[in-house]
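See structure below.
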2 protein chains.
Amino acid sequence: MKINLNKHVTIRPDTSQRRLLLSVMQEAEKHLDAKELYRRASEKDASISLATVYRNLHVFKEQGLINERHLGQARCFYEMKRLGEHQHLVCESCGQVTEFESPLLNKLIDEVQRKNNFFVTKVELYLEGYCHKCKEGKR
Amino acid sequence: MKINLNKHVTIRPDTSQRRLLLSVMQEAEKHLDAKELYRRASEKDASISLATVYRNLHVFKEQGLINERHLGQARCFYEMKRLGEHQHLVCESCGQVTEFESPLLNKLIDEVQRKNNFFVTKVELYLEGYCHKCKEGKR
DNA sequence: TGTTTGTTGAGATTGATTTTCATTCTCGTC
DNA sequence: GACGAGAATGAAAATCAATCTCAACAAACA
Ligand SMILES: [Mn+2]
Ligand SMILES: [Mn+2]
Ligand SMILES: [Zn+2]
Ligand SMILES: [Zn+2]
């Protein structure tokens with residue numbers, strides 16, 4: 001289910017749409033889905049197309065500029081890649097997304113790679129449950 | 001985006017469609033998506049509807065009989081729940097799905113719950129990369 | 001037996017994503 | 001400066017999984 005990006009093609013690194021989309025991604029304080037990225041980009045360039053958003057999300061992903069995340073929903077969310085991997089905690093009740101890191105995860109992955117003779121290129125740990133507030137409310 | 005199953009309704013536990021769907025799930029040697037479950041069930045009862053497959057996947061999930069998994073694709077896969085949690089390794093190249101367990105994961109989750117004051121109800125660790133065979137082939 | 005309530009099949013609908021296609025842009029060459 | 005090839009774009013159509021609607025059906029039970 002990959003988009004048809006024709007691998008034998010040189011990607012032009014810099015178009016006004018790409019610059020706009022990247023700047024919106026960078027300014028974003030949280031994870032954006034394609035539609036929200038489109039909405040925000042449209043405010044600055046009303047003519048941009050949703051197809052261009054999707055196409056460039058693929059390009060950015062291939063270039064390693066952004067991460068694609070699955071946060072419970074069917075649709076994907078995107079965020080700029082940063083130093084240090086992190087994973088997500090999603091509250092079933094209020095939808096709040098919390099980020100966390102743990103050195104244990106790397107340890108786990110090392111072990112899994114060794115035991116299964118597998119080379120890991122992508123890690124996604126998704127935890128769902130109840131956040132601080134919603135946990136209280138449940139009582 | 002939940003299906004409308006009307007919570008204040010008593011679920012009738014045993015219909016011929018449910019029995020059929022569960023038996024197909026049990027016989028399955030690997031993870032099935034809704035369409036594949038539908039295809040296999042249709043072989044035994046040509047009149048079964050895809051809507052019934054989806055409806056009952058929700059029922060089985062609520063009853064804790066099956067697990068829903070996200071294996072890279074947008075669509076979901078399902079498998080019978082078994083003793084002992086396990087997670088998945090998916091080969092980017094050949095698509096092979098390998099299952100694994102690690103006690104480190106529980107340790108990690110304990111830590112995350114404590115540090116973030118969060119109550120975890122669902123865990124999904126998805127690792128993608130290259131399996132034994134495909135790793136070799138790459139050289 | 002008649003009523004109530006849960007279930008089903010078929011088909012329509014939704015929502016996210018991808019593709020198609022005609023047009024436009026970029027950039028190196030003449 | 002015109003040109004040509006390749007890459008990118010906008011708009012709209014197509015795809016695909018998942019969900020919903022609704023009339024018919026079946027089980028439970030009064
Ligand atoms: Mn994040
Ligand atoms: Mn499994
Ligand atoms: Zn919450
Ligand atoms: Zn492989």
Side-chain angles (χ1 to χ4, degrees), chain A residues 1-24 31-63 65-66 68-78, chain B residues 1-24 31-63 65-66 68-78:
Chain A
M1 207 181 286
K2 276 233 165 144
I3 202 173
N4 180 13
L5 270 180
N6 192 350
K7 285 310 177 67
H8 304 292
V9 141
T10 321
I11 289 175
R12 189 173 295 149
D14 198 28
T15 69
S16 67
Q17 290 86 345
R18 282 193 188 143
R19 263 175 278 132
L20 172 57
L21 290 172
L22 269 185
S23 80
V24 172
H31 310 87
L32 302 180
D33 60 12
K35 204 166 144 196
E36 177 63 14
L37 174 55
Y38 172 60
R39 205 191 55 69
R40 296 190 190 190
S42 297
E43 285 176 3
K44 303 194 176 174
D45 171 1
S47 80
I48 200 168
S49 150
L50 183 56
T52 298
V53 170
Y54 276 105
R55 278 188 291 242
N56 283 310
L57 283 171
H58 282 272
V59 171
F60 299 155
K61 197 168 47 152
E62 295 230 337
Q63 293 175 337
L65 294 174
I66 63 173
E68 182 181 72
R69 302 295 199 161
H70 300 88
L71 301 178
Q73 321 278 304
R75 69 181 177 284
C76 295
F77 290 82
Y78 299 88
Chain B
M1 205 181 285
K2 275 237 165 138
I3 202 170
N4 180 14
L5 271 179
N6 192 350
K7 287 310 178 71
H8 303 293
V9 142
T10 321
I11 289 175
R12 187 176 299 150
D14 197 28
T15 68
S16 68
Q17 290 86 344
R18 279 188 191 146
R19 263 175 278 134
L20 172 57
L21 290 172
L22 269 185
S23 78
V24 173
H31 310 86
L32 303 180
D33 61 12
K35 204 167 143 195
E36 177 62 14
L37 174 54
Y38 172 60
R39 205 191 55 68
R40 297 190 189 190
S42 296
E43 286 177 1
K44 302 195 178 174
D45 170 1
S47 80
I48 201 168
S49 151
L50 185 56
T52 298
V53 169
Y54 276 107
R55 275 187 297 242
N56 285 310
L57 282 171
H58 281 272
V59 171
F60 298 154
K61 195 166 52 153
E62 296 229 335
Q63 293 177 337
L65 295 175
I66 62 173
E68 183 181 70
R69 302 293 198 161
H70 299 87
L71 301 179
Q73 322 276 308
R75 69 179 178 286
C76 295
F77 291 82
Y78 299 87

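Here is how names work: the chains are called A, B, and so on, in the same order as the sequence lines, proteins then strands, and each is numbered from 1.
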Hey, could you give me the [atom1]/[atom2] distance between [X] and [Y], rounded to the nearest 0.5 Å?
{"X": "B/Asp33", "Y": "B/Arg75", "atom1": "CG", "atom2": "CZ", "value": "4.5 Å"}
{"X": "B/His70", "Y": "A/His70", "atom1": "NE2", "atom2": "NE2", "value": "8.0 Å"}
{"X": "B/Ile48", "Y": "B/Asn56", "atom1": "CD1", "atom2": "CG", "value": "7.5 Å"}
{"X": "A/Leu37", "Y": "A/Leu21", "atom1": "CG", "atom2": "CG", "value": "5.0 Å"}
{"X": "B/Ser47", "Y": "B/Gln17", "atom1": "OG", "atom2": "CD", "value": "7.0 Å"}

Check the distance between [N]'s [atom2] and [X]'s [atom1] and give it to me in whole angstrom.
{"X": "B/Asp14", "N": "C/dT7", "atom1": "CG", "atom2": "P", "value": "11 Å"}
{"X": "A/Tyr54", "N": "D/dT9", "atom1": "OH", "atom2": "C1'", "value": "17 Å"}
{"X": "B/Lys61", "N": "D/dT19", "atom1": "NZ", "atom2": "P", "value": "8 Å"}
{"X": "A/Leu37", "N": "C/dA16", "atom1": "CG", "atom2": "P", "value": "14 Å"}
{"X": "B/His58", "N": "C/dG6", "atom1": "NE2", "atom2": "P", "value": "18 Å"}
{"X": "A/Arg19", "N": "C/dC25", "atom1": "CZ", "atom2": "C1'", "value": "12 Å"}
{"X": "A/Leu32", "N": "C/dA16", "atom1": "CG", "atom2": "P", "value": "15 Å"}
{"X": "B/Arg18", "N": "D/dA26", "atom1": "CZ", "atom2": "P", "value": "15 Å"}

Please state whether the phosphate of [N], meaning OP1 or OP2, lies under 4.0 angstrom from any side-chain nitrogen or oxygen of [X].
{"X": "A/Thr15", "N": "D/dT9", "result": "yes"}
{"X": "B/Lys35", "N": "D/dC16", "result": "no"}
{"X": "B/Asn56", "N": "C/dT7", "result": "no"}

Between protein and nucleotides 10-15 of chain D, what N or O pairs are separated by less than 3.5 Å?
| from | atom 1 | to | atom 2 | distance (Å) |
| --- | --- | --- | --- | --- |
| D/dG10 | OP1 | A/Ser47 | O | 3.2 |
| D/dG10 | OP2 | A/Ser49 | N | 3.1 |
| D/dG10 | OP2 | A/Thr52 | OG1 | 2.3 |
| D/dG10 | N7 | A/Arg55 | NH2 | 2.8 |
| D/dG10 | O6 | A/Arg55 | NH1 | 3.3 |

Side-chain donor-acceptor contact under 3.5 Å, B/Arg19 with B/Ser16: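 No, no side-chain donor-acceptor pair sits under 3.5 Å.
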B/Phe77/B/Glu36 under side chain to side chain contact (heavy atoms under 4.5 Å, CB included): CA gap, chis, key distance, verdict: CA-CA 10 Å; B/Phe77 291 82; B/Glu36 177 62 14; over 6 Å; no
